[in-house]
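Data first, discussion second: the structure below is written as structure tokens.
Keep in mind that this is a model prediction, so the values were computed, not measured. These values consider heavy atoms only, across backbone and side chains, with no hydrogens, waters or symmetry-generated copies. To find a chain, count down the sequence lines: A is the first, B the second, and so on, and within it residues start at 1.
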Amino acid sequence: MKPLNRNQIAWRAAQDIPDGNVVNLGLGMPVLVSNYIPSDRDVFLQSENGILGVGPEANELNINPNLVDAGSRKVTLRGGASLFDSANSFAMIRGGHIDITILGAFEVSISGDLANWDSRIPDKGPLVGGAMDLAVGAKSTWTMMQHNTKDGSPRLLNYCNLPLTAPKCVNRIYTDIAVVDVTNQGFMAIELLESITVEELNARTEAEISLASDCKPLQAPADLI
Amino acid sequence: MKPLNRNQIAWRAAQDIPDGNVVNLGLGMPVLVSNYIPSDRDVFLQSENGILGVGPEANELNINPNLVDAGSRKVTLRGGASLFDSANSFAMIRGGHIDITILGAFEVSISGDLANWDSRIPDKGPLVGGAMDLAVGAKSTWTMMQHNTKDGSPRLLNYCNLPLTAPKCVNRIYTDIAVVDVTNQGFMAIELLESITVEELNARTEAEISLASDCKPLQAPADLI
Amino acid sequence: MAIDKRIETAKEVISKIFDGAVIMVSGFGGAGFPNFLLEILRDAEPKELTLVANSATHPYSLTHSLIEAKMVRKVIVTAARGRGKELSPFEEQWRDGSIELECVPQGNFSERIRAGGAGIPAFYSPTGYGTDLAKGKETREINGKNCVLEEAITGDFALIRGDRADRFGNINFNTTQMNFAPAMATACEVTIAEVREAIDEALPTTDVHLPSVYVNHVVATGKEI
Amino acid sequence: MAIDKRIETAKEVISKIFDGAVIMVSGFGGAGFPNFLLEILRDAEPKELTLVANSATHPYSLTHSLIEAKMVRKVIVTAARGRGKELSPFEEQWRDGSIELECVPQGNFSERIRAGGAGIPAFYSPTGYGTDLAKGKETREINGKNCVLEEAITGDFALIRGDRADRFGNINFNTTQMNFAPAMATACEVTIAEVREAIDEALPTTDVHLPSVYVNHVVATGKEI
């Protein structure tokens with residue numbers, strides 16, 4: 001199996017969302033997760049602009065220009081949805097009522113520090129949005145990311161180099177080559193691409209990364225492109 | 001003119017509510033004020049249990065057992081009313097959005113300290129309710145009270161003896177014999193019953209009380225009983 | 001699996017309320033008391049409860065029956081005064097020292113509960129400053145305003161009353177039935193809602209006052225109040 | 001006198017926005033931008049504004065036109081990154097030092113504005129702790145949680161977008177149009193609302209999302225968004 005593409009990473013993360021959970025999906029890759037939640041699970045998607053129960057993207061027939069998600073997509077509502085203002089939305093997030101938030105990440109440290117909001121491009125303004133609140137407030141914080149940067153540098157680090165989103169918040173990391181838990185003993189891969197050895201994985205990860213005793217092969221449907 | 005009865009004090013206070021104001025009326029005598037607001041003034045009554053725009057008390061035809069005010073009266077809503085929860089109601093109160101609160105009082109001090117919640121009856125529990133929030137949060141705090149206790153003791157004092165509701169909050173006091181402003185120069189009567197001299201007024205008031213230069217006779221319709 | 005939070009009888013979920021639990025009970029001014037649930041709770045007879053409710057003694061609320069059954073170790077309330085000159089059961093137990101009283105201004109009460117649900121551990125409030133109810137509390141002047149540091153209140157179980165619910169746990173309130181229920185539901189680990197009617201289809205989004213994420217169990221009573 | 005907050009044209013009220021004013025502008029994710037009012041504001045050309053809005057650079061919001069017209073001295077935002085690699089007009093002025101940036105996590109942003117309207121001068125928030133956005137801020141551990149002291153944000157003028165209004169100033173929002181508007185309306189001295197439709201009769205109480213007390217002026221645009 002080749003390294004996972006964006007949709008395959010999203011598919012893989014979606015398989016781990018428990019039935020009945022409330023989930024907030026960050027901009028970018030995480031929002032793709034909504035396409036792959038198994039149909040036997042009843043999951044409520046929260047959008048921090050004030051929706052509990054985001055439905056599929058709107059089409060020409062059901063579009064309401066005022067009904068958007070935090071990523072400015074025109075969306076619909078699912079059955080049982082509710083709406084509220086931003087202050088109440090972040091009370092929901094900060095108050096620990098979101099089961100899982102899935103966020104994009106630039107870097108994650110061995111202690112679960114997350115850096116995902118400021119990539120230090122000179123003179124470009126910051127874009128923090130709700131990430132700091134989500135990372136601190138959700139019961140679990142998962143990240144989705146390429147295991148390495150475009151130039152091959154590691155993103156799973158001993159310490160983050162980029163400005164933090166929140167310290168000690170990440171529980172699990174989905175990458176193109178592994179699923180990694182952040183544990184008290186450091187990074188632990190619970191799934192790894194079969195074509196990659198633990199040595200190769202460690203060569204692509206700054207911090208030491210161990211294999212779970214029951215580490216499985218990382219797989220995703222091949223027809224997701 | 002004789003000292004004002006409860007309804008006459010309420011009538012007198014009602015005449016001073018400006019058109020368009022938002023007013024919260026405390027339990028007891030203040031709630032009577034709602035009966036005497038001049039009909040040419042459009043006033044919204046707030047009730048801290050979650051109503052902006054309390055209407056008249058309900059009758060058999062329009063009663064909704066779930067629609068009550070903070071005094072447990074079954075009420076109606078006026079046109080333009082809105083409803084909200086207690087946290088939002090007190091955000092409205094504490095945030096300075098109520099123009100006037102009219103509260104009952106045991107004692108008021110010369111600096112505007114208010115005591116109206118704990119009369120120190122042995123072993124009787126306290127009942128603070130929303131009084132402390134209203135006294136602090138409203139733009140103006142008015143009180144309605146008998147000028148003296150049943151045994152003739154003064155209630156307009158140099159310092160309150162009873163536990164405070166809030167320091168430095170009272171702007172105006174309506175009693176059965178006078179309308180008194182709390183000013184930087186101390187108590188100043190702006191209306192006084194014609195049959196009472198300034199000496200008699202001071203004999204019934206612990207703190208010194210002056211007459212406004214344009215002090216008027218205190219009057220109210222005689223047919224209010 | 002399709003989410004369905006409706007239960008036929010509340011006995012089982014109420015039986016999980018353990019000795020020493022902190023329970024919040026909605027209701028104010030005669031509306032929104034979860035008396036159906038309180039009757040079951042009284043029969044379940046857990047002991048040493050901390051009761052968070054607006055009033056310890058409101059005649060229409062069965063909270064007083066918990067106190068009479070000596071199930072309550074502490075109350076956090078805004079009102080605890082029995083009607084009349086006789087001591088109420090609460091006042092007797094308070095006098096004997098068998099029940100502890102924390103009396104809180106109603107705005108601080110509702111905001112502390114909201115904060116508990118919103119992940120705000122503490123906030124500064126002008127209400128109560130300079131009064132006996134702020135004794136021993138940290139104070140601070142912020143932008144010229146004297147404030148008291150108030151900590152969030154959280155609980156184990158919220159018992160609330162609504163009008164309609166759907167199987168997702170969304171709640172609609174009838175007018176002033178709302179009062180403390182939304183904040184309490186956000187601030188407790190488990191929220192049990194009694195409602196007049198619990199429907200199979202989703203409530204219209206515009207009718208949802210309390211989003212489903214805050215509600216764990218719903219029981220229909222078939223009764224108006 | 002019958003309350004009527006509707007105005008035919010917003011030019012006069014917008015012309016009262018003075019040099020140096022703090023203005024809050026609603027909208028998020030493409031919904032709820034008061035672009036009708038912003039166009040008038042841009043033409044009125046007050047200078048040295050402080051702009052409180054979710055984003056300084058959202059392409060659908062005319063807030064960016066105020067920045068392009070060099071009317072803004074400071075922004076308080078959660079997002080300030082222009083799209084693409086080119087610097088946006090905001091980023092250019094920020095680089096030049098002619099505009100000041102305060103970047104706030106979105107949950108602290110909405111909560112600080114709510115606090116401004118709710119009379120809470122400051123609160124402790126776990127969001128942002130340990131990050132660059134909390135640098136220089138007071139921190140405190142409360143019940144094991146590391147928190148940052150966050151101060152309320154208040155403003156002079158709130159410009160918001162709703163769907164329907166009545167002559168009392170009650171506002172109804174169309175789904176996610178709501179976002180920051182309710183909190184902003186509570187936190188400003190003067191709130192000006194643009195809506196699709198402003199009706200003579202009162203809005204049904206169940207349709208009111210923002211109570212009239214928070215709204216000073218209403219102008220109908222006749223347009224869907």
Can you tell me if A:N171 uses its side chain to pair, donor with acceptor, with the backbone of A:T141 under 3.5 Å?
-> yes
Flag, side chain of C:N170 to backbone of C:A165, donor-acceptor distance under 3.5 Å = no
Does any heavy atom of chain C fall under 4.5 Å from the side chain of A:L83, the backbone, both, or neither of them?
-> both
Between C:T186, C:D166, C:T154, C:D207, which residue shows the highest count of heavy-atom pairs closer than 4.5 Å to chain A?
-> C:T186
With a 4.5 Å cut-off on heavy-atom pairs, point out which of C:A118, C:P211, C:G119 contacts chain A the most.
-> C:A118
Distance-only, no hydrogens or angles: does the C:D156 side chain make a donor-acceptor pair with backbone N or O of C:I23 under 3.5 Å?
-> no
Picking from A:G96, A:G20, A:G79, which has the most non-hydrogen pairs under 4.5 angstrom with chain C?
-> A:G79
Give a yes or no on whether the backbone of A:T165 and the side-chain of A:N116 come within a donor-acceptor separation of less than 3.5 Å.
-> no
